[in-house]
Amino acid sequence: MNSYKDFIALSPETLPARLGGLAALKQRIGADAKAWKTREVGDGNLNLVFIVEGPKGAVVVKQALPYVRLVGDSWPLPLKRSFFEYHALSRQAERDPGMVPEIFHFDAGQAIIVMEFLSPHIILRRALIAGQELPKIAKDLGLFLARTLFRGSDLCLDTKIRKADLALFADNVALCDITESLVFSDPYYDAKLNRHTAPQLDGIVKELRADRDLKVAAQRLKHIFAATPETLLHGDLHTGSVMVTAEQTRVIDPEFAFYGPMAFDVGMLLANFWMSYFSQSGHETAGNRASMRRYLLKVTVDIWEIFRDEFSRLWHGERTGILYQRSLFEDQGDMLASEQALDLVLHGIWVDMLGFAGVEMHRRILGLAHNADFETIADADLRARCETKALKLGRHLAVNRSHIHSILEVNKLAERLEKDIVT
Ligand code: SR1
Ligand code: MG
């Protein structure tokens with residue numbers, strides 16, 4: 001339940017007076033709050049985000065609102081998501097140090113997190129739309145995925161700690177509900193808040209909604225999402241949740257965190273690179289994007305390989321949890337059985353990851369929450385051509401995920417779709 005009675009949304013005008021007494025801010029940006037400059041920069045779907053600059057430095061102040069910002073107060077949303085974000089950031093900072101912003105202050109009642117201002121970082125999605133090839137993201141994100149997903153699971157954690165944590169995050173019901181509806185169900189019927197590029201996509205939308213195999217696949221994926229509390233997920237790991245420079249990668253915004261299937265974070269992230277790939281031809285006015293397309297496909301290959309290699313390294317070096325215990329494998333001298341079990345676990349993540357990637361592509365084109373990769377393509381015919389390719393790849397991944405053997409195979413299909421070789 002929200003306790004809204006004392007909650008007051010911040011504004012650039014009120015923020016200095018309301019937060020001016022906090023030592024955590026004064027130390028970092030300067031004690032005289034009257035000298036602070038505050039601007040609201042939130043462009044996400046849910047929250048307020050302020051950059052507060054003082055004579056000594058700057059911080060970010062993020063505040064949850066008691067409703068979905070994108071839709072308005074007709075869609076109430078618990079302030080407690082800020083509590084989940086705070087706890088998820090704390091755990092991610094332990095599991096992959098340096099990959100999330102540092103937290104300076106948390107106020108549960110006002111749903112406020114004061115954190116590190118990342119500068120000159122920009123949102124990864126914007127960088128990709130601008131055609132920037134970031135050299136470090138594949139390595140950083142592959143490692144982040146493996147470290148956070150492995151270290152938050154019963155492969156590694158003391159199971160008492162994991163179960164207590166599972167109970168803590170189990171209350172993030174409203175944010176899970178958003179994903180359960182918006183990702184897995186709404187795109188596949190005429191849900192109220194859906195929208196798509198019309199009339200250009202009307203035909204394929206009708207086809208997809210009448211596609212029995214796809215509907216079953218999406219519901220099976222929803223089943224896995226809702227009923228597999230395997231590890232602490234970021235829960236919303238798209239390219240809008242990553243900030244970058246050429247040298248640094250940081251993951252932000254884990255308010256959707258909960259205990260779910262490892263494959264979800266991996267699949268959502270890769271889907272966003274495949275969507276970026278298909279969107280590039282919509283951004284070619286200022287120059288050819290062939291190199292960018294090659295780069296994006298290489299990122300998907302590298303993320304998966306780095307994830308798999310790091311996961312394997314952790315399997316061998318940090319498998320201290322109750323699952324696949326060493327006493328049954330390595331301690332018996334049975335290294336082959338340990339490798340067989342690792343292959344089995346990775347294969348399960350692989351198959352489901354593809355499915356999650358497929359539905360993520362669909363929901364960004366057919367559902368409520370679209371992405372800027374496609375939305376910023378002003379020419380609706382061109383946008384629809386880009387979106388159609390992503391919809392087709394998404395359908396293939398969701399339905400045929402058990403029969404796909406490598407990222408290269410996925411990328412070959414992506415290239416064929418891009419060149420209009422397959423329809
Ligand atoms: C109503 S919220 C829509 C989307 O925004 C968030 O970033 C999540 O991706 C959610 O699905
Ligand atoms: Mg977000």
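Using a cutoff of 4.0 Å between basic side-chain nitrogens and carboxylate oxygens, R293 and E284 are scored as salt-bridged. Classification of D140 and R250 as a salt-bridged pair fails, no side-chain N sitting under 4.0 Å from a carboxylate O. A salt bridge does not link R383 with D379: every distance from a Lys NZ or Arg NE/NH1/NH2 to an Asp or Glu carboxylate oxygen is 4.0 Å or more. Under 4.0 Å is where a charged nitrogen must lie from a carboxylate oxygen, and between E94 and R91 no such pair does.
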When you look at K412 and E415, which way does the salt bridge (Lys or Arg N to Asp or Glu O under 4.0 Å) test go after all the steps? CA-CA 5 Å; K412 273 198 185 119; E415 283 174 326; over 6 Å; no
I would like to know whether R18 and Q110 meet side-chain contact (heavy atoms from CB on, under 4.5 Å); could you show each step before the answer? CA-CA 11 Å; R18 285 184 59 194; Q110 293 300 319; 3.0 Å; yes
Given the rule in the ring pair (Phe, Tyr, Trp, His ring centres under 6.0 Å) test, do Y277 and Y295 qualify, once you have shown the distances and angles that lead to the verdict? CA-CA 9 Å; Y277 172 82; Y295 162 79; over 10 Å; no
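Using modelled atom types, no side-chain atom of Q332 and backbone atom of R326 make a donor-acceptor pair closer than 3.5 Å. For the pair N172 (side chain) and F258 (backbone), a donor-acceptor distance under 3.5 Å is absent. Judged by distance alone, the side chain of Q280 and the main-chain N or O of S276 form a donor-acceptor pair under 3.5 Å.
For R69, the salt bridge (charged side-chain N to carboxylate O under 4.0 Å, His left out) partners are E40, not counting sequence neighbours. Scanning for side chain to side chain contact (heavy atoms under 4.5 Å, CB included) contacts around D343 gives an empty result, with sequence neighbours left out. Among residues two or more places apart in sequence or in another chain, the side chain to side chain contact (heavy atoms under 4.5 Å, CB included) test is passed with E339 by H316, L342.
For D381, the CG atom sits in a packed shell: over 12 heavy atoms of surrounding residues, nucleotides or ligands are nearer than 6.0 Å.
The aromatic ring centres of F184 and H223 sit 6.0 Å or more apart. A distance below 6.0 Å separates the ring centres of F264 and F356. Proximity of the aromatic rings of F83 and H87 is defined here by a centroid distance below 6.0 angstrom, and this criterion is met.
Between F169 and F84, the angle of the ring planes lies from 30° to 60°, which puts this pair in the tilted group. In this pair, F106 and Y86 present their aromatic rings parallel. The plane angle is below 30°, not in the 30 to 60° band.
Here the options are K215, K222, E180, R363, the test is side-chain hydrogen bond (donor to acceptor under 3.5 Å, both in side chains), and the partner is S185; only K222 passes.
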